[in-house]
Amino acid sequence: MFKKTLNTEDTLKNSGLTDEEQQLFSNARPQAYEPYPIKAVEDFANWARANSLWILAFGTGCGAIELRPLMTARFDANRFGVAGRPTPRQSSVFVIGGYASVKTLKRIIRSYEQMQGPKFVIALGICPVNGGMYFDSYNTVNQFDQYLPVDLYITGCMPRPEVLVAGIMELQKKIKAGECNGANLYVENFDWYKSNQKKVIKNWDMPDYNW
Amino acid sequence: MNTVDEILDYAIEQEQLAADFYEDVAQRVETAGMKKILLDFAEEEKRHKKILLAVKTGEHELTPEQEILDLKISDYLVEVKTSENISYQDALIIAMQRERAAYNLYNDMAQKVPDGKLKHILLGLAKEEAKHKLFFEAEYDERVLTDN
Amino acid sequence: MSLKDLLSPFFVWQRAFEKPYTTLRPTLDRPGAPAYRGFHINITETCVGCGSCQTICQNNAIDMVAVEAYAGRAGDSGLRPRFDYGRCCWCGLCVDICTAASLRMSNEYAWISDDPDSFHFTAGVDDKPWQDNELGYRRAEGYHLNPPKRIEMPMLSAQESLKSFAEVTLGYNEEQAKKEADRCVECGICVATCPAHMDVPDYIHSIRDGDYEKGLQLMYRTNPFPATCGRICTRRCESVCPVGILGEPVAIRWLKRFIVDQVDKKDYQRILEKPIASTGFKVAIIGAGPGGLSAAYYLRQQGHAVTVYEAQATGGGMLRYGVPSYRLPDAELDKDIDHITSIGVEIKYNSRIGKDVMFESLLENYDAVFMSTGLSVPSSMRINGENHARVLSGLQILADVASDRDPGIGKKVAVIGGGNVAMDAARVSRRLGAEVTILYRRRISDMPADEEEIHECQQEGCTIVPQAIPVEIIDADNKQKVCIKWGEAKMVDDPKGGRARPVLQEDKMHTETYDCIISAIGQSSNLDYLSKELQEQLAFEWGKLTPAEYQHTSMKKVFVGGDFANRTADAISAIEDGHHAARGINRFLNPDFYTALEKQEN
Amino acid sequence: MTQLTGHSSALDFAQPEPVDMASGKYVKLWQGPQHPGITGNMSLELTLDGDTIIDCKTHVGYLHRGFEKLMERRSFIQNFTVVCRIAVPEPTFNEYLYSHAVEQLSGIKIPERAIWLRTMNLELMRLASFLMWIGGMSGAFGQYTVPNWTTAYRDFVLDLFEEMTGARIYHMYIVPGGVRAGLPDGFEKRARDIMDGAEKLLDQVERVMFNNAVFKARSKGLGIITPDMIDPYGIVGPNARACGVERDIRKDEPYLAYDQLNFETITGKDSDAYERAYLRLQETRQCISLIRQCLDKAPKDGPFQADMPNVLHWKIPAGETYVKAECTRGEYGYYMVTDGSEFVRRVHVRGPSYTHAIAVMERLAVGNNIADIAGLMVSLHTYPPEIER
């Protein structure tokens, strides 16, 4: 079995796991993304990132319904460098498709944490903004940015593919300008995010951070 | 009264007399509210006088061609005597009838003089009085004839 | 599996030569459909802030926020909807329910932001590009979420009603009342508009619940004349009811009447609040009209000893002597007055101030005096011949009929005026068997009388001659008859935007002979019971005065209210004056106690 | 390993033999919720022997929003905006059934024009839903051309919706009391054009998809539903019809204007993935015909909404009702109880996905290759948001 990797000083508790499972996961804290020291190189990297936005194929809510038209012939998002990927390890954009139920939120967090940095989150629809349709439901979270950093909100119910395209372009603009630092925000406010997450996810049987 | 200036002087004097009249009545009425209204009327006459003074110096043009609406309210009302306890309605009737009399005077005079500057001025004064009459008649229409 | 199965997939290549589906510039080329439900547009000028959109929004996406530009407008709550696009689901129910049809949707759908707190929008106030969008969702013609038409009031037919002085309106039955009550959107704009600030939405709610006793309690909090007001109120509430912007306003007055009709008079004592313990203060009230009795009721509720002085033989003032019984049956008025007396208000009838009792003695003997003597002197036309014996006043005729005296009007009468008194005089004359012509100097649409009354008046066979200016009354050959000369008027618009003015056309004069002419062009107050000094001291101006806060006059003990102390001169304003004066008198009599009480209430 | 052969095994609800996981012979694999081969947000817990599935458990709850509870605290008019969110790709059936239940309980009769507009709306929805489903089916077997065609073409149908109702996905058009608007100008012509195009497209799809050797090889014989499974498992809709069971609410208990429309129930012989897909293709064609009939027969004018009370305080007399309609996946039902107040006492939504995705899926998955699980799932046509509401 794997050896427990010990970080230098500040380590995660992974307290949701059994002793046996603790062996399976790292307890190292996530690290913020450091831009390249040379600005031109960083700019080039941002340009490249902006033009190859790979979306994690995880339809978390109703929003997924408009991703199909977006990715197929009519709106053909591939021409903007957008592609769907089956696994978090290959993806750079997480599209929160509307509401997140508590059970899904847990999977969203795991998937998000597994994504390689720099990574970006787009939230579709009204529900992640302020609860939307399910603001009084017992099983959905209302303000999504309490649990994960969101780089861009696209309001609508559902947001049409056209506005998704517009949103992707906006995201590209932001990435190129180097303004998308949601992932770093997550690292910086890690404890705050974790405590919020744990407030709603009662059966926290997963490592504190997956990578 | 053959010259323009004479006519204007007369008209100005008439306005002053009217103002004096209202002030005089105001002295005699019993209620403070009515006093205030009559003094307001006097102020209105003084304003008319100022306009005429401006006409005399040439700062203001009379407009005999202007069409002034005649509501013909005062024409059919009974005459009101000034007394100690006149009402607002009475005061308005007095004012309207005074203005109408003035209008008729200038108009009649204008009919008697040949065309020219003088006639122009007389007609202009008549119109000016018609305006004043309209002011009071409109007030009467608005305030007194509410249900009617 | 066949060869065909292997080859047919290659037919996809056929499509390579067809027009592609792809939209070239998706963000630019594809606006929403003409009826798309995008971001909201609100014509803030038309909006009255009724808040129906907020009520119907299932996501709490709409907040009514105060917008300064619209504060204090009549019939307008001063609030405007603010949309939260972190909640809105674009269902458009708000557009469908909007009473003023001011709310609509644009076909704009794009709003991208990195700040989740930024998705707020006060339509018509915040500057957004879709504000002037011509396209977008509108409520379809013929689509309603609230019935636009009110329930018809059952009424006597015109023929039937002419036969007697029986009440013309028959009142809703329970089903009709519930249906009508259902139309209320509970915005409360009526509450703000009602001079007495009656709690209209709540008592309408009590009708829906079938709890009429609660309805009566709610009404008595602000108005001790519900039976009366349920019949003859000038109902400014209905004129601002937002349901009336596109349809017909909720029949608030008839609903009020319905509640009163449901509760028997003998139950009043049980249902309504009783006066609190005696305070030992004595208040005198002059005039047992709506103003005086309203003050009496609320003062008595507070435990003061109240004595009302009334010159006539019965109470009610103008309600009894000015409103004919086919509009307000005496029994209904008595229902209100009897409850007021039943809680211990003492009314001294046939006691005219200035004659039977002196005003000065009231000042001496009572802790406070409330005056509400109304407008009882008919105005005069000031035209020649007006003093003719056959020129009668409308008020006099109504009073005669109310007291069962024959006014002696004859068979053919002319009524001059366009107010409610003129209409009443005309309809009373019709009931007395006369043929009635109404002469009014402006257009029918300018008449100050209630639209309903004008309509009913016409129904009952009165001829209304609009734009007719009486110029002279002439003796007729017969002493029992009288001639009136009147001229046709043409309406001239006021260049300053006021109402159009009638101008007499001297070439179009008519002379007609009548048995009598009823002049009903307005009335003024009779203040003979006050000495000149007192009138001066109270600052009466041509029979009217404007009281200070809490209906207080410049005299320490004296409060006023009713027609001679307000601009609107209707029953409901008088009632509020009375109620307000009662509050004022309470504060005046016992300042510490009542300010504390009010603080507690707020 | 259970083989589904014959009558007795189909009704055999016994738990499969427990497998000895510690032996190392078996692998437990979670497919989903984050997985491209899953229709929507749900997951399958698979036990594998090599690449053969020996046990399948469906896990749901990722999309639960508590609709039935949410509805209990919204007024009758507000609820119709909520219910359409229950089944994302097919919202209008919810709108219709909810409205229908409310109308039944409150005794509202909707006008003729509303009946036709509703029918047309539902058929358009069926068409859009099937078009997307065909894409999904094809995609699940690794072919990405057909999804590009049909999903894009579905968008044209959505354009029609946008014109007719004002929205693309959540139309909120069928409202208690009728519908919200008539048809816009020129709608009929555009609708007919799109129907013509759809017909042509379906011919092409049939050619390249259903005559595709790979598709045939993989889908034939996959997940066979036998007639004796129908009732015990509560299988409805095309899944049932594909094995010859003639069961279609539109025919059996006609609602709306279906008794005035000319169509036959389509049935298949043996319900495997291919047969079910082919049946749906034919039903898609039938849809087009029904929409055309609606366009022909729908009244052009007249009221489209019944007289309504003030919806702000709309109370409905106490009562209960069950209403149903045939959606693309079969019987969709609403059970509603009212207690005379302004709110509904209880609503239960019965979506066909529930049985199909849980009991049937768990049964059919066993014995199949792991690569076919996505195709099998799509062939059952299930919507996770509808399972859990």
Side-chain angles (χ1 to χ4, degrees), chain C residues 1-15 18 20-23 30 32-38 52 55-59 89-93 95-97 105 107 109 136-147 149 178-179 181-186 205 208 243 250, chain D residues 70 73-75 77-82 84-85 143 145-146 148-149 151-153 155-156 159-168 170 172 175 177-182 184-185 204 206-217 220 302-305 307-315:
Chain C
M1 188 125 8
S2 64
L3 186 63
K4 191 179 153 218
D5 289 350
L6 286 173
L7 291 180
S8 58
F10 292 97
F11 274 100
V12 294
W13 287 103
Q14 197 188 345
R15 293 285 298 258
E18 286 181 18
Y21 290 145
T22 312
T23 308
R30 300 240 320 138
Y36 191 75
R37 292 198 300 267
S52 300
T55 315
I56 205 166
C57 182
Q58 74 277 5
N59 286 355
C89 73
W90 286 270
C91 62
L93 274 177
V95 177
D96 291 352
I97 197 73
M105 284 166 140
N107 66 341
Y109 50 79
Y137 179 71
R138 307 280 184 276
R139 172 164 47 186
E141 192 84 17
Y143 175 67
H144 304 286
L145 294 183
N146 193 5
K149 289 248 183 279
K178 282 196 165 155
K179 266 196 166 159
D182 194 43
R183 297 174 64 231
C184 173
V185 296
E186 303 190 323
H205 194 110
R208 288 204 301 274
V243 178
V250 176
Chain D
L70 294 184
R73 51 176 177 245
R74 282 163 165 78
S75 71
I77 193 70
Q78 292 175 338
N79 269 335
F80 93 99
T81 66
V82 180
C84 56
R85 269 98 181 158
Q143 305 165 342
T145 309
V146 173
N148 268 303
W149 292 354
T151 314
Y153 207 85
D155 229 74
F156 296 131
D159 285 355
L160 287 181
F161 271 121
E162 200 181 316
E163 264 185 66
M164 182 177 182
T165 69
R168 266 169 66 90
Y170 297 134
M172 297 178 278
V175 49
V179 293
R180 287 176 96 169
D185 293 340
Q204 291 167 339
E206 179 165 2
R207 194 170 212 170
V208 304
M209 179 174 160
F210 287 87
N211 286 330
N212 184 323
V214 180
F215 179 68
K216 266 190 172 176
K220 282 210 165 179
F304 47 80
Q305 191 205 21
D307 283 342
M308 298 282 288
N310 182 357
V311 296
L312 289 180
H313 19 252
W314 187 10
K315 288 181 179 170

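None of these values were measured; they are calculated from a predicted model. Residue numbers begin at 1 in each chain, while the letters A, B, ... track the order of the sequences.
For chain C, no part of D:F215 is nearby; none of its heavy atoms comes within less than 4.5 Å. At a 4.5 Å heavy-atom cutoff, the contact between C:Y137 and chain D is made by side-chain atoms alone. If you measure heavy-atom distances from D:R73 to chain C, you find no contacts under 4.5 Å at all. Of the two parts of D:K315, only the side chain, counted from C-beta on, holds a non-hydrogen atom closer than 4.5 Å to a non-hydrogen atom of chain C. Using a 4.5 Å cut-off between heavy atoms, C:E141 touches chain D through its backbone atoms (N, CA, C, O) alone. Contacts between D:W314 and chain C at a heavy-atom distance below 4.5 Å are absent for every atom of the residue. Interface residue C:D96: only side-chain heavy atoms are found under 4.5 Å from chain D. Only the side chain of D:T145 comes within less than 4.5 Å of a heavy atom in chain C; its backbone stays farther off. Looking at C:R183, the atoms closer than 4.5 Å to chain D (heavy atoms on both sides) all sit in the backbone: N, CA, C or O. Of the atoms belonging to D:P184, not a single heavy atom falls under 4.5 Å from chain C. For a residue to count as touching a neighbouring chain, one of its non-hydrogen atoms must lie under 4.5 Å from one of that chain's; by this rule D:F304 touches chain C with the side chain only. If you measure heavy-atom distances from D:V179 to chain C, the contacts under 4.5 Å come from the backbone alone. Contact of C:I97 with chain D is made through the side chain alone, with heavy-atom distances under 4.5 Å. If you measure heavy-atom distances from D:E162 to chain C, the contacts under 4.5 Å come from both the backbone and the side chain.
Counting heavy-atom pairs under 4.5 Å between each of C:R15, C:K4, C:Q14, C:H144 and chain D puts C:R15 at the top. The candidate with the highest count of non-hydrogen atom pairs below 4.5 Å against chain D, out of C:G32, C:C57, C:C89, is C:C89. Of the residues considered (D:R207, D:R74, D:M308, D:M172), D:R207 shows the highest number of contacts with chain C, using heavy-atom pairs under 4.5 Å. Contact tally against chain C (heavy-atom pairs below 4.5 Å) for D:D159, D:D307, D:D155: the top residue is D:D159. Among D:M164, D:M209, D:R180, the residue with the largest count of heavy-atom pairs under 4.5 Å with chain C is D:R180. Among C:K179, C:E186, C:R139, the residue with the largest count of heavy-atom pairs under 4.5 Å with chain D is C:E186.
Among all heavy-atom pairs drawn from C:S8 and D:N212, the shortest one is OG-N, 4.3 Å. The shortest heavy-atom contact between D:K216 and C:D5 is NZ-OD2, 2.9 Å.
The distance from the CZ atom of D:R168 to the CZ atom of D:F161 is 11.5 Å, given to the nearest 0.5 Å. A distance of 6.0 Å separates CG in C:L93 from OG1 in D:T81, rounded to the nearest 0.5 Å.
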**Item:** Intermediate values then yes/no, side-chain contact (heavy atoms from CB on, under 4.5 Å), C:V12 and D:V146
**Value:** CA-CA 9 Å; C:V12 294; D:V146 173; 5.9 Å; no
**Request:** For the pair D:R85 and D:Y170, evaluate side-chain contact (heavy atoms from CB on, under 4.5 Å) and give the outcome as yes or no after the intermediate values.
**Result:** CA-CA 7 Å; D:R85 269 98 181 158; D:Y170 297 134; 3.4 Å; yes
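You'll find the side chain of D:Q143 stays beyond 4.5 Å of the side chain of C:P9, heavy atoms only.
Residues C:R30 and C:Y109 bring no donor and acceptor atom of their side chains to less than 3.5 Å of each other.
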